[in-house]
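Encoded as structure tokens, the structure appears first; notes follow it.
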Protein chains: 2
Amino acid sequence: MNRKFFSLPQEKQQLILNAGFHVFSRNSYRKSPMSEIADAAGISKSLLFHYFNNKKELYLFLWNTCAKITIEEMERSGAYDETDLFGSMESGMDAKLRLMRKYPDIGTFAVRAFYEKDPEVSADVRESMGQYIAVHARRKLQKLDPDDFIPGIDLEMMYREMYWASEGCLWEYIQRGEMNVDAMEDDFGKLIDFWKSVYLRRPQEEVKNERKDI
Amino acid sequence: MNRKFFSLPQEKQQLILNAGFHVFSRNSYRKSPMSEIADAAGISKSLLFHYFNNKKELYLFLWNTCAKITIEEMERSGAYDETDLFGSMESGMDAKLRLMRKYPDIGTFAVRAFYEKDPEVSADVRESMGQYIAVHARRKLQKLDPDDFIPGIDLEMMYREMYWASEGCLWEYIQRGEMNVDAMEDDFGKLIDFWKSVYLRRPQEEVKNERKDI
DNA sequence: CCATCTATTAACCGCTTCGGTCAACACCAT
DNA sequence: ATGGTGTTGACCGAAGCGGTTAATAGATGG
């Protein structure tokens, strides 16, 4: 298997992981050549096959590693512990950005692997996805207190809207190719501030508008 | 060149265009085989080469067609003529969705072609992009009247936020693979309604909160 | 200085796939 | 029959694929 891979210095491991994430995130499984991954990692194809017996093994290893470190990072950030919506959103973003700084293509890779249809790997991906989903699902829709927000707002729609906007912002960076995490962090920060300024009930309204709109 | 292609019945032309958009939107130029496109169009590879002399010619033809029909549709929808923000947004969406119903993968194709790096085509893409951009740039940031919106809102941020959210919503559909335009239309409609309900100044505030927050 | 071990690679293998060609077939109107 | 038109399967040389292997270079240790 890949015992030899683990005895590599951490930095070299990360280089290979990122090369894999990069290539597999831009092409389908079948159209992601091992040679291209080796090149991206700056090693020979033979050496890559020395670490991983075959393409499938590398792919599934990347998938499991992706799940593992994402979960770790998420839990470490305490994104699930926060009680306030924007607070948990901020620490969630923080975790995602920290992850992305280390593994720039991990997000795109995860999405692509999720939807991969090639029968050589899709079954295994689907199977080992169980736990990954299980943890992510803990991002339960938070119990939101309607009184915190401007009166009459559709909270579920607000939630979807915010999700889509961050996804769209991310997507823009991905398409551009250059993964400038600092600029992303700045944009996300502005987004959250904007949401706060718009969706949160403004103080002077607290008493005035009470119940008037229901 | 492709004189024979144009004498095809419209419906058959569209089938081939969509096959091209589909394959080229999911793989890079080099990794999009002509055979796959022919299969997707339900014709033989030989026939595809009968219509287009080579792969590059087909690709650039798709790119130019994509630009042409997008511009046409946008102008026909009158998205640029509207004066009201949400109105122009709605008709713009309408055009986009109408286009997407006819050519489901045209949007993804356009983005991918825009960022394509293969030297065999990138130069030509970049070159013929001039006019495409020129027209799209006419989507000038509309003169918005701050009095129409809730007081104190950051209008530019609002605009970016809305753009990202629609992009993110679209992205979700794309990733899922099935391009359900009806469901998309429904989602976009809800989004716009939500924005109206949240960003537009609410009637009872018009007098009450005047200038209090600046 | 030699023997041994480990990390690393170039060269190679058999097979598939690629872009593109070509000769032939089917169909239709002369 | 004749000739034009639309369409295809079979084919070509070249390139790319996943994977193997034999050999190289360098560190270690006696």
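A, B, ... follow the sequence lines: proteins, then strands. Residue 1 opens every chain.
Rounded to whole Å, atom C1' of C:dT21 lies 17 Å from atom NZ of B:Lys55. Residue B:Leu58 contributes atom CG, which lies 10 Å from atom P of C:dG20 at whole-angstrom precision. Atom CD in B:Glu57 sits roughly 15 Å away from atom P in C:dG19 (whole-Å rounding). Counting to the nearest Å, the C1' atom of D:dT20 and the CG atom of A:Leu47 are 14 Å from each other. For the pair B:Lys31 NZ and D:dG16 C1', the interatomic distance rounds to 10 Å; values are reported in whole Å. Distance A:Phe5 CZ to C:dT6 P: 20 Å, rounded to the nearest Å. Put simply, NE2 on B:His50 is 16 Å from P on C:dA23, counting in whole angstrom units. Counting to the nearest Å, the P atom of D:dG16 and the CG atom of A:Asp39 are 12 Å from each other.
Taking CD from B:Glu90 and CG from B:Asp193, the interatomic distance works out to 7.0 Å, rounded to the nearest 0.5 Å.
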request  = Could you walk me through whether B:Phe6 and B:Phe61 pass the ring pair (Phe, Tyr, Trp, His ring centres under 6.0 Å) test, one step at a time?
outcome  = CA-CA 12 Å; B:Phe6 290 114; B:Phe61 174 74; 5.8 Å; yes

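When the side-chain nitrogen and oxygen atoms of B:Ser35 are compared with OP1 and OP2 of C:dC18, one or more of them lie within a distance under 4.0 Å. One finds a side-chain N or O of A:Tyr51 lying less than 4.0 angstrom from the OP1 or OP2 phosphate oxygen of C:dT8.
The pair A:Lys56-A:Asp124 meets the salt-bridge criterion, since a charged nitrogen lies less than 4.0 angstrom from a carboxylate oxygen.
Among the nucleotides D:dT8, C:dA11, D:dG19, the one closest to any side-chain atom of A:Phe49 is D:dG19. Closest to the B:Ser46 side chain, of the nucleotides D:dA10, D:dT7, D:dT21, is D:dA10.
Listed by first and then second residue, the salt bridge (Lys or Arg N to Asp or Glu O under 4.0 Å) pairs that reach into residues 31-42 of chain B are A:Lys31-B:Glu36, A:Glu36-B:Lys31, sequence neighbours excluded.
When heavy atoms are screened at a 4.0 angstrom cut-off, B:Ser7 is found touching no nucleic acid atom at all.
Residues satisfying the salt bridge (charged side-chain N to carboxylate O under 4.0 Å, His left out) criterion with A:Arg126, sequence neighbours excluded, are absent altogether.
DNA chain D lies under 4.0 Å from no heavy atom of any residue of residues 17-27 of chain B.
Within 6.0 Å of atom OH in A:Tyr163, 12 or fewer heavy atoms from other residues, nucleotides or ligands are found, so the atom counts as exposed in its surroundings. Applying the 6.0 Å contact sphere to CZ of B:Phe86 captures more than 12 heavy atoms from other residues, nucleotides or ligands.
Where A:Lys45 and A:Arg30 each meet DNA chain C at their nearest nucleotide, the meeting point lying more 5' is that of A:Lys45.
Side-chain N/O atoms of A:Ser44 and base N/O atoms of C:dA10 include no donor-acceptor pair closer than 3.5 Å.
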